[in-house]
Amino acid sequence: MSEPVQVSDPAGLVARGAALDAADELAPLRELFALNEGSVYLDGNSLGALPRHVPERVRDVMVRQWGELGIRSWTESGWWTAPERMGDRIAPLVGAAPGQIVVGDSTSVNVFKAVVAAVRLAGQDRASGRGPGSGQDRGSGQGPGSDEGRTEVLVDATTFPTDGYIARSAARMTGCRIVSLAPAELPAAIGPRTAAVLVNHVDFRTGRLHDLPGITAAAHEAGALAVWDLCHSAGALPVGLDAHGVDLAVGCTYKFLNGGPGSPAFLYVAERHQARFDSPLPGWNAHADPFAMADGFEAADGAVRGRVGTPDILSMLALDAALDVWADVRIADVRAKSLALTDFFLECVEAYAPPGRVSSPTPVAHAERGSQVALRCPEAPAVMDELIARGVVGDLRRPDLLRFGFTPLYVGFADAERAARVLGEVLAAVPGQVAPGRR
Ligand SMILES: Cc1ncc(COP(=O)(O)O)c(C=O)c1O
């Protein structure tokens with residue numbers, strides 16, 4: 001690394017950042033989080049920051065609920081029903097009515113449950129002539145009279161890898177084949193052979209927001225089911241699961257929901273599908289009467305049938321505490337601030353970065369942008385190391401993507417300005433080439 005370089009601010013971006021923070025109604029929420037004031041944390045799209053009150057609550061779970069009450073806590077502290085209670089707490093953040101979400105397992109495991117269950121539901125729909133979107137019988141084309149069979153699972157080709165790996169295995173187990181396509185190509189490709197479509201709501205690399213209403217409607221039009229991975233949208237933007245008729249969805253809680261490292265994921269099963277939701281992992285927690293210890297499996301009613309085994313109580317109740325920060329927060333306000341933050345960051349990068357050194361694959365259009373900005377830069381590994389050394393914490397997706405996540409609950413406009421300014425300084429100091437596509 002060469003000598004430190006300072007970039008100038010002729011556009012008054014420092015002052016603009018301060019003014020935007022002063023006018024920001026969500027700004028006081030930052031106090032709820034444990035942040036290192038010497039640095040700018042732009043990695044909440046990977047691991048959300050710690051809400052300050054969580055350690056004390058986890059301490060209570062350990063010392064009082066576990067240490068003093070012991071096994072009585074399964075009932076007296078509500079441990080047994082925590083998965084569905086946490087689901088109901090997450091529900092309003094993703095536009096779901098109560099009773100449709102359970103929390104537990106990892107996102108990967110929930111992708112498995114959702115894809116296999118979707119293929120099974122599509123098969124039942126075909127046999128009964130019913131359509132997945134409405135719960136109503138379909139008139140023609142998709143029912144018993146159409147015999148091609150629903151043997152394809154369409155997968156977002158830009159998906160986070162785990163979804164693709166799991167979907168391929170789920171497809172093998174259900175006698176389906178995988179068709180991998182860019183999300184924009186999915187609506188035209190969904191047809192009478194499609195059982196289910198699995199899509200990431202926001203691309204983890206570029207931050208592109210995919211068309212959940214459009215792709216879901218296209219799936220239903222063809223008699224298929226839509227399964228969405230909300231890891232990068234839950235807690236970041238309005239999802240509208242019920243409003244858009246999504247069939248099944250999964251998501252993690254350790255990014256924008258700040259549940260902590262490895263906090264349990266969630267599974268949404270639309271109410272209209274619950275009675276026929278046939279989990280490929282029907283563990284005893286999904287049984288209608290788990291403590292009957294019966295030989296035969298009889299599925300519980302509701303989203304509970306998406307549960308598998310004993311819930312991870314310590315993580316689950318850390319998440320419970322973390323969700324308290326949402327008490328008075330409207331997701332629409334979070335979205336408005338997220339877009340303003342990412343707009344401002346992009347403007348600052350344009351002002352501070354030496355010409356041609358970075359280019360952004362993140363869409364400019366608000367309707368297509370999640371809550372992160374990615375910058376392509378041939379020297380990305382060295383640049384991210386130096387950014388972190390200078391207190392700007394983003395992350396790297398090899399080979400050449402710098403990722404910056406914007407969590408509106410605790411990231412401010414001055415943070416965005418500072419991150420871009422430090423990036424400009426680092427780029428000026430790191431010898432480099434002009435980024436691909438920029439001259
Ligand atoms: C879109 C997406 N899906 C799935 C995962 C993996 O989830 P898990 O590790 O909980 O299985 C991630 C992790 O970052 C992700 O970003």
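Being a predicted model, the structure only gives us computed values, none of them experimental. Start at 1 and go down the list; that is how both ligands and their atoms are numbered. Computed over heavy atoms, backbone and side chain alike; hydrogens, waters and symmetry mates excluded.
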Quiz prompt | Exceeds 12 heavy-atom contacts within 6.0 angstrom, atom CG of N36 | solution = yes
Quiz item: At their closest point, which heavy atom of F277 faces which heavy atom of L121, and how far apart are they?
Solution: N-CD2, 4.4 Å
Practice problem: For ligand 1, find out whether one of its N or O atoms is nearer than 3.5 Å to an N or O atom of N200. | Solution: no
Self-check item: Top protein contact for atom 11 (O) of ligand 1, by heavy-atom distance
Solution: S108 OG, 2.5 Å
Exercise. For atom 8 (P) of ligand 1, grab the closest protein heavy atom and report residue, atom and distance to one decimal in Å.
Key: Y254 OH, 3.4 Å
Self-check item: Closest protein heavy atom to atom 6 (C) of ligand 1, given as residue, atom name and distance to 0.1 Å
Solution: F160 CE2, 3.6 Å
Quiz item: Quick one: nearest non-hydrogen protein atom to atom 16 (O) of ligand 1, plus distance?
Solution: H232 NE2, 2.9 Å
Quiz item: Which atoms of ligand 1 are found less than 4.0 Å from any heavy atom of D163?
Solution: 3 (N), 4 (C)
Practice problem: To the nearest 0.5 Å, tell me how far H201 NE2 sits from R208 CZ. | Solution: 13.0 Å
Quiz prompt | Distance (rounded to the nearest 0.5 Å) between T253 OG1 and L93 CG | solution = 11.5 Å
Quiz prompt | Under 4.0 Å to a heavy atom of T107 - the qualifying atoms of ligand 1, by number | solution = 4 (C), 7 (O), 8 (P), 10 (O), 11 (O)
Exercise. Would you indicate whether the side-chain heavy atoms of K337 and D24 approach each other to under 4.5 Å?
Key: yes
Quiz prompt | Distance, nearest 0.5 Å, that separates CG of D211 from CD of E368 | solution = 9.0 Å
Exercise. Report yes if some N/O of T162 lies less than 3.5 Å from some N/O of ligand 1; otherwise report no.
Key: no
Practice problem: Would you indicate which of T253, D229, T159 comes nearest to atom 1 (C) of ligand 1 when only heavy atoms are counted? | Solution: D229
Self-check item: Residue, atom name and distance, where the atom is the protein heavy atom closest to atom 14 (O) of ligand 1
Solution: K255 NZ, 2.6 Å
Quiz prompt | W80/F291 aromatic ring centres below 6.0 Å | solution = yes
